[in-house]
Amino acid sequence: MSQLGGQSPAADEITRLRELIDYHNYRYYVLDDPEISDAEFDQKMRRLQALEQQQPHLVTPGSPTQRVGGAVAEGFASVEHSPPMLSLQAVYGESEVRRFDERCRSILGASQVEYTAEPKYDGLAVALIYDDRVLVRAATRGDGYVGEDVTSNVRTIRSVPLKLPEGAPDRLVVRGEVYMLREDFRRLNEMRQNREEPPFANPRNAAAGSLRQLEPRVTAERPLRVVIYQVAEASGVSIESQWQVLSDLLPAWQMRSPNEAVRFCSSVEEALDYHREWLDGREESPYEIDGVVIKVNSMEQQRQLGFRTRDPRWAVAFKFPARGAITRIQDIMVQVGRTGKLTPVAILEPVQIGGATVRRASLHNQSEIDRKDIRVGDKVLVERAGDVIPYVARSLSDERTGEERIFRIPDACPVCESPVVRSDDEKSVLCVNLSCEAQLRERIKHFVSRRGMDIEGVGERTAAQLVDLGLVEDLADLYALDESDWVRLDKIAEKSAQNLVSAIQSSKVAPLSRFLFALGIPLVGEHLAELVSRHFPSVQQLVEADEEDLLAVDGVGPEGARSVVTFFRDDNNRRVVRELLEAGICLQSPEPQEKARDFEGLNFVMTGTLTRWTRNEARQLVEDRGGRVTSSVSRNTDYVVAGPGAGSKLARAEELDVAVLDEDAFAEMLRG
Ligand code: IVH
């Protein structure tokens, strides 16, 4: 019988909803076979949330509403693994696998041994611990003995059951892999690139980076999945074989096992077939695997075989050869991107990797080149992971002839020759000249883009031609183009020319924030542009601002401030901005927001380190809206705003059931 059954109608409904939601979650995330629509699901979830809000004392950690923890972890606590999470012996050839089989047979005194063959998921190992069928802890592998407590993050992964079905063991410890589908990874990177955040190198890094986030809210937005492949402890269950684990037990406990992808093998030869099949089909798989794991099927035999120091004698990881190739760096070129970033690119002797001819590979930045000691003329290992741009993994320095040349990104932009700005760590080298020709096409594209000045009809080719024909040398020149200029471009007839001229004219009235974004100042995305524009009523004031003035804007950090100041200190950039304004661009400052007194009667307590506001600023924000800030948490407190490092006040708030907001939630509330 359920814990809450028969207590009150609301409690009964809560129990029923939780069971339903858990069930539909399982259908959707574990079986990939939903029975109801997303909308129906959301409706049930909202109903449960509403009921729990009315009856906060009924909220339990196993409730499906508890997936997204709001609180921020203060770094990760350690979790000890018992038994330790061992690694696997890696083997690379069929003969090594056959030797493994011979060793097993000889120790066991058997003529044939049965195995399971499973994908070796290329993700991050995790342990999940259930007590009384509720997920109580999740940890990374760490060094195998001690890992990091990532419970709040793992809770956000939908294929991880928060509560196990009836019949599952009271205590259960399982292990598996957190990973990301290629398609999800591609989309995540696309989104990151749109936001000018650095892309992840491969799905594995993306999964690891997402799981080790200090803010569970961020993890919750990442498309992580889990697959379970091992049971480390299960009270009251006697386990006969790995096959039973994969095909019976895990599915019965509603855990996502690799069951469709695994194979029972009555001999090692079948396991080798399995590996060959995977090797052929590898590129088509929706997720990345870096080999197959071959495990002795019988648990009794596993016990007899036992362990070496770091890995079991009853399993091997039969790895795939790396998708890389050796070639030579003919030259290193420097590319200049839209925001002026100089990126070193290796020009390679063409080489085949995983079915594609690779001619260039990114070297990322100067600091990477130095760290890996990569020189022009070096023989190098080039790798390609998934859809990612190939990169130079390392140089074969033993094979140097003495002809190789050390490379350094030049001090002048390779295109416009203006001096570059290097960051202290040599990770970023920037050309900030608005009129730099290499950036000009890209700057035009960005300037006219929907999120910029929103000028329709100017695409990649058009921008390129405007530059190539010498019609545009500066962004300001765009506003001087007339129909006779436009018709000089390929495929632009009179009608389109008229449209373009009028599109440009009507773009002249624009919010200041869009103009700032359109300029393509390094680090100034839409959000920062918005914040800055609220603070500086005119461009002129911003052009004259120093770093201190910018730092006074909420949400602007030292790097952003430095970037804006460096940008406007450049004489050429000041000229271009002046010319744009002279061309008739008319910028609207945002309306000063009328301050609502919507916090009237509400009591707030601030705790932990707030990163966006000082305590005083936060207090001011609350008081401006009619709220009060007090120093200790009591029953009268309505909200506790907790930053990282929050301690006893946060605990007290939880004790008294006071709503806790993290900075994001508080910011959201301020926005109304
Ligand atoms: S079994 C004692 N099965 O590979 C054996 N591991 O090199 C424990 N991995 O840390 C691991 N897929 O992260 C096992 N089907 C699979 C796996 C798998 C991926 C990872 C896991 C482990 C590493 C060992």
Side-chain angles (χ1 to χ4, degrees), residues 79 81-92 96-97 100 104 115-128 138-148 150 154 157 159-160 173-181 202-208 210-212 224-234 239 241-247 249-251 255-265 271 274-275 278 282 285-299 301-320 322:
V79 175
H81 295 301
S82 139
M85 289 177 79
L86 299 176
S87 59
L88 292 168
Q89 183 199 352
V91 297
Y92 288 90
E96 277 184 276
V97 179
F100 156 75
C104 291
Y115 297 99
T116 64
E118 310 168 15
K120 185 173 187 306
Y121 294 88
D122 200 4
L124 189 75
V126 285
L128 308 180
T140 62
R141 177 168 177 272
D143 63 3
Y145 298 92
V146 179
E148 289 169 319
V150 286
V154 167
I157 303 173
S159 40
V160 171
V173 181
V174 294
R175 288 160 185 184
E177 201 86 354
V178 169
Y179 66 103
M180 207 177 269
L181 294 185
N202 52 50
R204 206 201 86 81
N205 287 4
S210 304
L211 192 65
R212 299 188 63 263
L224 292 176
R225 301 191 165 221
V226 80
V227 61
I228 304 296
Y229 45 65
Q230 199 188 15
V231 175
E233 192 189 332
I239 300 177
S241 71
Q242 171 70 359
W243 187 250
Q244 179 198 7
V245 167
L246 297 172
S247 58
L249 297 178
L250 293 171
M255 300 215 161
R256 185 148 197 149
S257 78
N259 58 355
E260 321 85 26
V262 295
R263 184 171 303 166
F264 174 84
C265 305
Y274 176 83
H275 183 270
W278 258 112
R282 188 181 177 194
S285 162
Y287 46 86
E288 291 202 344
I289 80 170
D290 59 344
V292 306
V293 181
I294 303 174
K295 298 175 184 168
V296 169
N297 183 42
S298 147
M299 291 293 163
Q301 292 184 335
Q302 286 192 6
R303 271 187 289 277
Q304 286 177 38
L305 288 162
F307 296 88
R308 281 178 294 260
T309 9
R310 290 190 48 244
D311 41 43
R313 277 202 199 84
W314 43 261
V316 281
F318 186 4
K319 303 273 287 255
F320 296 144

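Throughout, numbering of the chain's residues begins at 1 and tracks the sequence. Just so you know, ligand 1 is whichever comes first in the structure, and atom 1 is the first atom listed for that ligand.
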In a check of side chain to side chain contact (heavy atoms under 4.5 Å, CB included) between Pro119 and each of Val227, Val293, Val262, which one passes?
Val262
Under 30°, 30 to 60°, or over 60°: which ring-plane class applies to Trp314 and Phe307, parallel, tilted or perpendicular?
perpendicular
Please report which non-hydrogen protein atom sits nearest to atom 10 (O) of ligand 1, along with the residue it belongs to and the distance in Å to one decimal place.
Arg141 CD, 3.6 Å
How far is atom 21 (C) of ligand 1 from its nearest protein heavy atom, and which residue and atom name does that atom have?
Tyr229 OH, 3.0 Å
If you measure from atom 3 (N) of ligand 1 to every heavy atom of Gln89, Met85, Lys295, which option wins on shortest distance?
Lys295
In the protein, which heavy atom is nearest to atom 13 (O) of ligand 1, and how far is it?
Glu177 OE1, 2.6 Å
Under 3.5 Å, is there a donor-acceptor pair between the side chain of Arg263 and the main chain of Thr116?
no
Which residue holds the protein heavy atom closest to atom 15 (N) of ligand 1, what is that atom called, and what is the gap in Å?
Glu118 OE1, 2.9 Å
Between Arg204 and Glu288, does any NZ, NE, NH1 or NH2 come within less than 4.0 Å of an OD or OE carboxylate oxygen?
no
What are the atoms of ligand 1, with element, lying closer than 4.0 Å to any heavy atom of Ala125?
10 (O), 13 (O)
Protein residue, atom and distance nearest to atom 7 (O) of ligand 1, heavy-atom basis:
Leu88 N, 3.4 Å
Report the nearest protein non-hydrogen atom to atom 23 (C) of ligand 1: residue, atom name, distance rounded to 0.1 Å.
Lys120 NZ, 3.9 Å
Donor-acceptor under 3.5 Å (Ser159 side chain, Val226 main chain):
yes
Any idea how Tyr287 and Trp278 line up, ring-wise: parallel (<30°), tilted (30 to 60°), or perpendicular (>60°)?
tilted
Considering only heavy atoms of Pro312, which atoms of ligand 1 have at least one such atom less than 4.0 Å away?
2 (C)
Looking only at distances, can you tell me whether any N or O atom of Gln230, backbone or side chain, sits closer than 3.5 Å to an N or O atom of ligand 1?
no
At the 4.0 Å heavy-atom cut-off, does Pro119 count as touching ligand 1?
yes
Donor + acceptor pair across side chains of Gln242, Gln230 (<3.5 Å):
no
To which protein heavy atom is atom 12 (N) of ligand 1 closest, and what is the distance rounded to 0.1 Å?
Tyr121 N, 3.1 Å
Side chains of Arg313 and Gln302: do they bring a donor and an acceptor to under 3.5 Å?
no
Would Val292 and Lys120 count as a side-chain contact (heavy atoms from CB on, under 4.5 Å) if you check the C-alpha gap in whole Å, the side-chain angles of each, and the deciding distance to 0.1 Å?
CA-CA 5 Å; Val292 306; Lys120 185 173 187 306; 5.7 Å; no
Look at ligand 1 and say whether Ala315 reaches it with a heavy atom at a distance under 4.0 Å.
no
